[in-house]
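See below for the structure under consideration.
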Amino acid sequence: MNLKNKVAIVTGAQRGIGQGISLKLAELGAKVVVTDMTIEPCEKVVQEIIVKGGEAVAFKLDVTSESEVKDVIAQVKEKFGQVDILVNNAGICTTEEADDTSKIDKIVDVDIKGVLYCSKAVLPIMIEQKYGKIVNIASIAGYVSWAKLHSYSAAKGAVISLTKCMAGEFAGMGININAVAPGAIQTPMLDNVGKELGMDMSQTLMAIPKARIGTPEDIANAVAFLVSDEADYIVGQTLIVDGGYTVR
Ligand SMILES: NC(=O)c1ccc[n+]([C@@H]2O[C@H](COP(=O)([O-])OP(=O)(O)OC[C@H]3O[C@@H](n4cnc5c(N)ncnc54)[C@H](O)[C@@H]3O)[C@@H](O)[C@H]2O)c1
C-alpha cells in the first residue's frame, strides 16, 4: 500500500486510535493533517511523524463546530491543493442508566454530527478531484448489546448507517466511503469506560478469541487498507476489527 502524494485529514488525532492512524498513514507516505480539540498534543504527534521521516501539520479542530470544520478544511485545501483522505475518528463515549437522557445531545453532536460536518466539508473537494476516501470510525457497540452504553451504541449504529447511505451516493464520483468498527482497543477511552462500568479486564479478555486487547495499530492497519487504492471496489462496508469478539 502506498499513499505517496496523498493528503489525509484525521480527526481526534492527538492520542489513542487517531494518533495510531496518523502515524500509519504518514508511514505509507501521506501528508497527514493531525487535528483535535487542542493543538499542542497534535503538534507532538506531528513531531513524532517528522522524526520518523514523514510529513504532517497540526490544526485545532472541534468537529462539533461546523464553521470551524469548514474553515480548517478550506485552509488544508489552500495549503496542499487537495484533500484525498478523511478519517472521521473523533469520538466520545458516555455511560448512563437507561432512564438518563442527559448525555445524548453531546454524543450526537460529536459522534454523528461531527462525522457529517467533516464529510460534507471535504466532499465538494473530492467530487472536483473525482477522487476521495473517507473512513468513519464506528464501534462494535453499534452491533452488540452492552449495558449502560445506550447513547454511544445508538450513535455508532448511526455512523454505520450513515456510512452506507453516503457511500452509495458518492461511489460513482470516485469516492469510497467505508467504516471500521473497533472492539476493545487500549486507549484512554477504554480505560475511562472500563472504570465507569467496573469492567473486569480478565473477563473481557475471555470474550475475545484473540485473547488480547487491540492496539491503535490494529485499527490503523484496517484504515490504511480502506483508504488505499487496493480497496477501490469496497463501498459502504463496516470492517469489524475486534479480535473475534463478535463472532462468538
Ligand atoms: N478504544 C476503544 O476501545 C474503541 C472501541 C470502539 C470504537 N472506538 C472509537 O474510536 C475512536 C477513537 O477513540 P479512542 O479510543 O482513541 O478514544 P480517545 O478518547 O483516546 O480519543 C478520542 C479523541 O477524540 C477527541 N475528541 C473528542 N471530542 C472531539 C471533538 N468535539 N472534536 C475533535 N476531537 C474530539 C479527543 O480529544 C481524543 O483525542 C472514537 O470514535 C471511538 O468511539 C474506540
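Both ligands and their constituent atoms are indexed starting at 1 by order of listing.
Annotation: side-chain hydrogen bond (donor to acceptor under 3.5 Å, both in side chains) contacts involving residues 204-214, sequence neighbours excluded, comprise Arg212-Asp218.
For atom 13 (O) of ligand 1, the closest non-hydrogen atom of the protein is Met189 CE, 3.8 Å. Atom 32 (N) of ligand 1 has its closest protein heavy atom at Val63 N, 3.0 Å. Given atom 41 (O) of ligand 1, the protein heavy atom at minimum distance is Asn89 O, 2.8 Å. The protein heavy atom nearest to atom 22 (C) of ligand 1 is Gly91 O, 3.8 Å. At the shortest separation from atom 8 (N) of ligand 1 among protein heavy atoms lies Tyr152 OH, 3.5 Å. Closest to atom 19 (O) of ligand 1 among all protein heavy atoms lies Arg15 NH2, 2.7 Å. Here the heavy atom of the protein found nearest to atom 23 (C) of ligand 1 is Gly12 O, 3.6 Å.
Between Gly114 and ligand 1 there is no heavy-atom distance shorter than 4.0 Å. Residue contact check for ligand 1: Ala138 places a non-hydrogen atom closer than 4.0 Å to it. For the ligand labelled ligand 1, residue Asp36 lies inside the 4.0 Å heavy-atom shell. Within the 4.0 Å heavy-atom cutoff, Gly183 counts among the residues contacting ligand 1. The closest approach between Gln19 and ligand 1 stays at or above 4.0 Å for every heavy atom of the residue.
Between Lys156 and ligand 1, at least one pair of N/O atoms sits closer than 3.5 Å. When only interatomic distances are considered, the shortest N/O to N/O separation between Ser139 and ligand 1 does not fall below 3.5 Å.
Against a heavy-atom cut-off of under 4.0 Å, Thr64 is close to the following atoms of ligand 1: 31 (N). For ligand 1 and Ala90, the ligand atoms under 4.0 Å from any heavy atom of the residue are 24 (O), 33 (C), 34 (N), 35 (C), 41 (O). Counting the atoms of ligand 1 from 1 in the order shown, those under 4.0 Å from a heavy atom of Gly16 are 16 (O). Which parts of ligand 1 touch Gln14 is read off a 4.0 Å heavy-atom cut-off, strictly below it: atoms 37 (O), 39 (O). Listed by atom number, the atoms of ligand 1 under 4.0 Å from Pro188 heavy atoms are 20 (O).
Residues Asp71 and Gln75 have side chains that bring a donor and an acceptor to within less than 3.5 angstrom of each other.
At most 12 heavy atoms of other shown residues, nucleotides or ligands fall within 6.0 angstrom of atom NZ in Lys148.
Under the 4.5 Å side-chain criterion, counting only non-hydrogen atoms from C-beta, Met126 is in contact with Ile134. Looking at heavy atoms from C-beta onward, Lys156 lies in side-chain contact with Asp111 at the 4.5 angstrom threshold. Side-chain contact check for Glu96 versus His150: some heavy-atom pair is nearer than 4.5 Å.
Checking Asn136, Thr35, Ile21, Ile92 against atom 27 (C) of ligand 1, the nearest heavy atom belongs to Ile92. For atom 31 (N) of ligand 1, the nearest non-hydrogen atom from the set Asp62, Leu190, Val45, Val193 belongs to Asp62. When the options Ile137, Ile185, Val69 are ranked by their closest heavy atom to atom 10 (O) of ligand 1, first place goes to Ile137. Of the listed options Thr38, Leu61, Ile17, Leu61 places a heavy atom closest to atom 33 (C) of ligand 1.
If you run side chain to side chain donor-acceptor pair (under 3.5 Å) between Thr163 and each of Asn136, Thr238, Asn178, only Asn136 comes through.
The side chain to side chain donor-acceptor pair (under 3.5 Å) test applied to Asp36 returns no partner, not counting sequence neighbours.
Counting only distance, with no hydrogens or angles, the side chain of Glu43 and the backbone of Pro41 share no donor-acceptor pair below 3.5 Å. Listed for the Gln129 side chain is a donor-acceptor partner under 3.5 Å among the backbone atoms of Val83. At distances below 3.5 Å, at least one donor-acceptor pair connects side-chain atoms of Asn176 with backbone N or O atoms of Ile234. Using a distance-only test at 3.5 Å, with no hydrogens or angles considered, a donor-acceptor pair links the side chain of Asp84 to the main chain of Val7.
Contacts of Val110 with ligand 1, taken as heavy-atom pairs under 4.0 Å, involve the side chain alone. By the criterion of a heavy-atom distance under 4.0 Å, the side chain of Thr187, and not its backbone, is placed next to ligand 1. Only the backbone of Ala184 comes within contact range of ligand 1, with a heavy atom under 4.0 Å; no side-chain atom does.
Glu68 has a carboxylate O that lies under 4.0 Å from a charged side-chain N of Lys60, or vice versa, which qualifies the two as a salt bridge.
The nearest pair of heavy atoms linking Tyr152 to Thr94 is CB-O, 4.2 Å.
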